[in-house]
Structure formats: structure tokens, C-alpha cells
2 protein chains.
Amino acid sequence: MSISTRFSVGIHILSLLEVNKEGVNTSEFIAKSVNTNPALIRKITGMLRNAGLVNVRPGIAGATLAKELSDITLLDVYQAVNVVQDKELFGIHEQPNPACTVGRNIQDTIGPIFSVAELALEKALGVVTIEDVVKDILEKEKFNNQ
Amino acid sequence: MSISTRFSVGIHILSLLEVNKEGVNTSEFIAKSVNTNPALIRKITGMLRNAGLVNVRPGIAGATLAKELSDITLLDVYQAVNVVQDKELFGIHEQPNPACTVGRNIQDTIGPIFSVAELALEKALGVVTIEDVVKDILEKEKFNNQ
DNA sequence: TTTACATGTAATAATATAAGTTACAGGTTG
DNA sequence: CAACCTGTAACTTATATTATTACATGTAAA
Ligand code: FES
Ligand code: FES
């Protein structure tokens, strides 16, 4: 099992909006860059818009960033594209046997532990910004062209 | 999307082996406790055995713990039941466009970042043992019976 | 205002994984 | 040998992802 690529695609889109900020970033253009189809890009862009991360409107070609690069964390993107519902990173088996000591307590015991782990993950995503990502991309690019 | 319940079921099984250590924990017995079917329990028990966490052998009824409770972390279980391949918690879109600055660098940039987040998650799981889980279950049990 | 084009969105299909179920081969014990 | 259990494969069902197609709606320029 892996977390949906909507997350990495979301990061990709935002990075592209910065790197290609002089151009017009239509869903078709972005789709070619990501190597998928425009409808999926529009769906994800819509999610990013709902989260206040990009500007995009019906009929008007191209999306633009709605916030400073340094103000968008990977956690923002993670939450925006809705790959994991809150407190549901780990699935917990439903309806364990209430007649069993373990069964009637396991969910309440495991739940908070899983939440701590989930928060640790989110914290790690929260300290990285799209600015960091773009800088790293441009550095790698420079290095490869030497 | 959620990580497979094999993880929570694995924790459930190990906890049950301790709480019911006086009894014979056959796959059928465990299945009733977890509220699923015996074949799935045998599959997961087999994974726990491969990871050296339980003793279980063909023809012999019942599984037992193969290590001290305090020596089994949730990370051990997480890895044993194979819910997430190493370095693959986050899916990354394949074949981004190599003709694009972002496309030809995004994977190498995102990969390490995702690894850090994944390690943060695993670290959080590594500090909790099955002993902690069992203790909490028994505490909750005592509290509910007051 | 009409034409061209972009976004929003729904419907559909293909693919992958999880989880439930059934069946049976093979091991162990009495 | 008989009863019982584990290991495992096959099949089914359910669910989520991703790709694809289609079209309504919005915008702007000719
Ligand atoms: S239902 Fe008893 S251990 Fe989960
Ligand atoms: S931004 Fe991902 S391929 Fe160009």
C-alpha cells in the first residue's frame, strides 16, 4: 500500500507553477509535464484551490500560486489533496469481539498510539516548504548541467 | 486510503497471546476474538512467525510469543505484516517528463524528503512495545469494571 | 455575438489491493 | 488410523486509484 500519488503530483504542480511562472500553466501543459491527463490535473488543482494554495478560475487559462512559496508546507499539500483522512492513516479492524478483554479495549488503546505516529509524520512534512523543494530542484538542475 | 488493518490485527494477535497465555490460541479462537476468519489469522500469524515474533507450527494447535513482550515494538509488527514496503509509504508518480526541469528532478528531490517523514513515523512506532499495549488494555479493563 | 479555448465535473473503465471465503494438502498427536 | 490444526492457494467481493472521455460552463478576443 502506498499513499496516493496525488500528493507527489500536487507538489509537482506547485513547483512547476514557480519554475514556469513566466508561462501560462494550463492543465494541458501541466499534464504533459507530470505525464498524466489534464482532467486529473484539473481535479488536483481544484483541491489546491480549495485549500487556498493556487488561483485558478473557470474559463481563464492557467493556474498561479496563491501564497508565498515559503508559506506552503508539504503538510499543506498533503492535507489539500486529501490522500489520508484525519486520524485514519492506520486502518483499525472494526467490531472486535466485545466478549474478549483484548477485543473490547484494543481500539481505544491503539487509536491514540496511531495518532501520535501520524502526528510525527505530519510534523516532518510540516517543516519542508515548496520553496525548499524548488531550490533543491534548481540546484540539482545546475549540478547536472555542469 | 488507510494502511491495511493487518497491522492492527497483528497487534491484536500478539496482545491476545499474552492476555490469554494460559489458553490454547488456535487460529479459530483468535479469529473469533478479532472478528474475522481463521485463514486470515493464519496468514498474519505466519508473517509474525517469519519475523521471529511468534512460535507456530503446522499440525500443532496454538501460537505462542517467541520474544519478551517488552522486546516487541509496534515497528516490529508493522514491518512483519508487510503493510508498507520500505521507502514506499508515499507513492510517487512515475515517468514525469524528462524534458521539463521539474519533471527530470522531482523524484530525486521528493524521495529523500519522503524518507525522512517515513522514518519519523517508524520512530514513533518503535518506541511503543506490545507490553505497553497490554498494560494499557488491562488498565482500561480494570477501570471499566470499577 | 459568435468563435475558440480553458476549467469544472461527472461518468466510465481499467487496475490494484484488501479482506472474506472455501478448499485442501500436509503435519502432529493420541 | 482418526481427529484436528496449520499453511497456502484459489476465488470472490469491496474499495480506491488512475486513466479516459465527454460535456456544461466561463472567459476573452475576433
Ligand atoms: S478481539 Fe480479542 S484480541 Fe482483538
Ligand atoms: S513538473 Fe513534474 S514533470 Fe515537469
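Note: hydrogens, waters and symmetry copies are ignored here, and every other heavy atom, side chains too, is used. First the proteins, then the strands, lettered A, B, ... as listed; each starts at 1.
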query = Roughly, in whole Å, what's the span from CE in B:Met47 to P in D:dG7?
reply = 12 Å
inquiry  = Between P on D:dA19 and CD on B:Glu94, what's the gap in Å once rounded to a whole number?
reply    = 11 Å
remark   = B:Ile3 CD1 to D:dT15 C1', in whole Å, measures 17 Å
key: Short side-chain N/O contact to C:dG20 OP1/OP2 from B:Thr36, under 4.0 Å   = yes
query = Can you find a heavy atom in the side chain of B:Ile41 that is under 4.5 Å from one in the side chain of B:Thr36?
reply = yes
query = Does a side chain donor of either B:Asn25 or B:Asn20 reach within less than 3.5 Å of an acceptor in the other side chain?
reply = yes
remark   = Against the side chain of A:Arg42, the closest entry in C:dA18, D:dA9, C:dT7 is C:dT7
remark   = Quick note, A:Thr26 side chain, CB onward, closest among C:dT7, D:dC5, D:dT27 is C:dT7
remark   = With the side chain defined as heavy atoms from C-beta on, A:Ser4 is closest, among D:dT6, C:dT7, D:dT17, to D:dT17
note = note: B:Arg57, atom CZ; C:dT29, atom C1'; distance rounded to Å ~ 12 Å
remark   = Atom CG of A:Asn37 and atom C1' of D:dT18 are separated, to the nearest Å, by 8 Å
query = Less than 4.5 Å apart, any side-chain heavy atom of A:Leu14 and any of A:Leu48?
reply = yes
request  = Indicate, with a heavy-atom threshold strictly under 4.0 Å, whether B:Ala63 touches base, sugar-phosphate, or nothing.
outcome  = nothing
inquiry  = Considering every strand and a 4.0 Å limit on heavy-atom distances, what is the contact class for A:Gly62: base, sugar-phosphate, or nothing?
reply    = sugar-phosphate
Value in whole Å for how far the P atom of D:dT18 lies from NE2 of B:His93 = 11 Å
request  = Let me know the distance between CD of A:Gln95 and C1' of C:dA19, rounded to the nearest Å.
outcome  = 14 Å
inquiry  = Taking A:Lys142 first and then A:Glu139, would you say they form a salt bridge - that is, a charged N and a carboxylate O separated by under 4.0 Å?
reply    = no
request  = Starting from P on C:dT21, measure out to NZ on B:Lys43 and report it in whole angstrom.
outcome  = 15 Å
ask   = Would you call the rings of B:Phe7 and B:Tyr78 parallel, tilted or perpendicular if under 30° counts as parallel and over 60° as perpendicular?
value = perpendicular
query = Would you say A:Ser27 reaches C:dA6's phosphate, i.e. side-chain N/O to OP1/OP2 under 4.0 Å?
reply = no
inquiry  = Please tell me if B:Arg49 has a side-chain N or O lying less than 4.0 Å from either OP1 or OP2 of D:dG7.
reply    = yes
ask   = Closest nucleotide of DNA chain D for A:Ala39 versus for B:Pro58: which of these residues is on the 5' side?
value = B:Pro58
ask   = Below 4.0 angstrom from OP1 or OP2 of C:dA19, is there any side-chain N or O of B:Thr5?
value = yes
